[in-house]
Each structure stands twice: as C-alpha cells, then as structure tokens.
Amino acid sequence: MKIALLGGSFNPLHIGHCMLAETVARELGYDRVLFVPVYNPPHKEMNNAVLPEERFEMVNRFCSSSCLDGKQVFFAEDCEIKRKGISYTFDTINYIIQKYSSEIEGKPAFILGQESAAQFYKWHRASEIAALADLVIARRHPDNNCVDVKAFENKPSGNYTIEFVGDDFEKDFNYPHIMLSNPVLPLSSTEIRSRIAGGKAFRYLVPEAVFHYIIEKGLYGYKK
C-alpha cells in the first residue's frame, strides 16, 4: 500500500486541501492519503484556531464520508494531536512508518506547498525527513478574493516568514522531490475564517461534512 501524508492546521479543512489529496491519490497512484491535523505548529502562531479536537473532527467527518471509485482513500490521523506539544514532521513520519510497517510499500510521501518548501531547510531534521519520505511539492497561489483577512492571518514563529513564492523557488530546493501538477485554487483557511466571521458566503468552499460541523458548533463566529 502506497501512503501519502498531508499535514496542516486544517482551520478549517477546505476544498483546496481535498482537491490536492485527490490529485496525489489519482495522479501519483497513492492508495491512502492521511490527513494529519497539527497540534502546535513549530513555524507559526495560529490565529482564530478552534480546539485541536474540533479541527480533527472536521477532517475525520470529511474522510469518513468520502470515497474515490467506491473506496475510502482519505483517512484522518490524530497522532500529532494525541502527542501534543510541538508537532514535528520528523516524529510523525517515523510514527507512520512504524504504524504501517506491515502494509506500506516503499517510502511514504509527504505533501507540502511550495511556500513551505521554500523554507524547508529550516525545518527540524529536514535532511532526515527528506531521507525518510518522498517529498511532493504542490503549487500554490496567493489570492484572498477581495476579502480582508488581516485580522485572521497566522503569525510566523522564530525565523520563519509567511510568503508565497513563485515556481523559481525550485532552483534553491536541494532535496529530491516531485513537483505536482495540481490545480491551483485561490483559496485559504484564513479567507474562510474571515468570511464566516463576517457573515459572508462560504458554503461551497468547504466539504459538506465540514460545513455542517461549523454550523452545528458555531465555529469561527458563525451566526445563524
């Protein structure tokens, strides 16, 4: 079984995450894509975040209700939330390799956006991550669709910055990788949080299960 990991805050999970996971599964031939919600990211301070358990539940509800060609391919993995503390990718990949030791074929894939890849050299044990996993880099594009997101943006931690980068970042990326030809959806969790808090439309920017959970729990300042 070929396994890929897609980590993130998923605050909330949106259709861009889902499309990225499907692209990896269909076009790179992965049998299982694990969505791994972060507990405490080392590179940013999350703004307007809901409880880790609520972020996981949104992911879990989507994964449990989704299938590709009649099979469940997306699964929610709560190892970082259970581990608590700072969520290091190196620890998560080692955990997944051990957990699926009797089933996994080859190395797991680790999916990251190109803006994260541009700062990958700063990551905790970056070279070891690159040795343990096949790095799959997804194309990204900044666009807030005319919504003011300043009050909802995450803040970078330490020596990290939050910057989107162009495709020329690859010339400085010194790790083996696959550049994914994924569709670029101009969408972010930050924009969705801003839309919800401002009473703007967001219904079709998130999966069905996530939409209903946000309403059910009144997350991100949602008001009926």
Note, L5 side chain near E77 side chain (heavy atom, < 4.5 Å): no
Nearest atoms (heavy-atom pairs only) where P12 meets S189: O-OG, 2.7 Å
With sequence neighbours excluded, residues passing side-chain contact (heavy atoms from CB on, under 4.5 Å) with C67: none
Approximate separation, where rounding is to 0.5 Å, of I196 CD1 and I214 CD1: 4.0 Å
Flag, side chain of E54 to backbone of L51, donor-acceptor distance under 3.5 Å: yes
Show me the side-chain donor-acceptor pairs of residues 15-25 shorter than 3.5 Å, one per line, residues at least two apart or across chains.
residue, atom, partner, partner atom, Å
H17, ND1, H14, N, 3.0
E22, OE2, R26, NE, 2.8
T23, OG1, M19, O, 2.8

ILVMFWY cluster, L180 and L187 together (side-chain gap under 4.5 Å): yes
CZ-CG distance between F75 and N60, expressed to the nearest 0.5 angstrom: 10.5 Å
Neighbour count >12 (heavy atoms, 6.0 Å) for atom CD, E216: yes
Close side-chain approach of V59 and F74, heavy atoms under 4.5 Å: no
Non-neighbouring partners of T92 that pass side chain to side chain donor-acceptor pair (under 3.5 Å), sequence neighbours left out: E80, R83
Set of residues satisfying side chain to side chain donor-acceptor pair (under 3.5 Å) with respect to K217, sequence neighbours excluded: none
Test side-chain contact (heavy atoms from CB on, under 4.5 Å) applied to D78 - qualifying residues, sequence neighbours left out: F56, K82
Ion pair check, R203 and E208, cut-off under 4.0 Å: yes
Side-chain heavy-atom pair I111, Y30 within 4.5 angstrom cut-off: no
Shared-cluster residues of Y88, by chain and number - hydrophobic side chains joined below 4.5 Å: I86
Over all atoms of both residues, closest heavy-atom pair of L13 and V206: O-CG1, 3.5 Å
For the student: nearest non-hydrogen atoms of F90 and H124, plus distance: CB-O, 4.2 Å
Pairwise distance NZ(K99) to SG(C79) - rounded to 0.5 angstrom: 7.5 Å
Donor-acceptor pair, side chain of K224 and main chain of G218, under 3.5 angstrom: no
Atom of M58, atom of L219 and distance for their closest heavy-atom approach: CE-CD1, 4.1 Å
Minimum heavy-atom distance K2-L28, with the two atoms named: NZ-O, 3.3 Å
Separation between CZ of F110 and OG1 of T89, rounded to the nearest 0.5 Å: 4.0 Å
Main-chain N/O of V38 paired to R55 side chain as donor or acceptor, under 3.5 Å: yes
Close side-chain approach of V36 and Y95, heavy atoms under 4.5 Å: no
Connected via hydrophobic side-chain network under 4.5 Å: I137 and I93: yes
Steps toward side chain to side chain contact (heavy atoms under 4.5 Å, CB included) verdict (Y100, Q98): CA-CA 6 Å; Y100 291 94; Q98 183 176 1; over 6 Å; no
Euclidean distance, I178 CD1 relative to L135 CG, rounded to 0.5 Å: 9.0 Å
Side chain proximity check, S127 to Y175, heavy atoms < 4.5 angstrom: yes
R32 side chain to M1 backbone, donor-acceptor under 3.5 Å: no
Pair F211 + F202: ring centers closer than 6.0 Å: yes
Derivation and outcome, side chain to side chain contact (heavy atoms under 4.5 Å, CB included), residues E57 and E53: CA-CA 6 Å; E57 185 59 23; E53 292 78 12; over 6 Å; no
Y213 six-ring centre to R61 NZ/CZ under 6.0 Å and within 45° of normal: no
Minimum heavy-atom distance I81-P52, with the two atoms named: CD1-O, 3.3 Å
Euclidean distance, S66 OG relative to K71 NZ, rounded to 0.5 Å: 15.0 Å
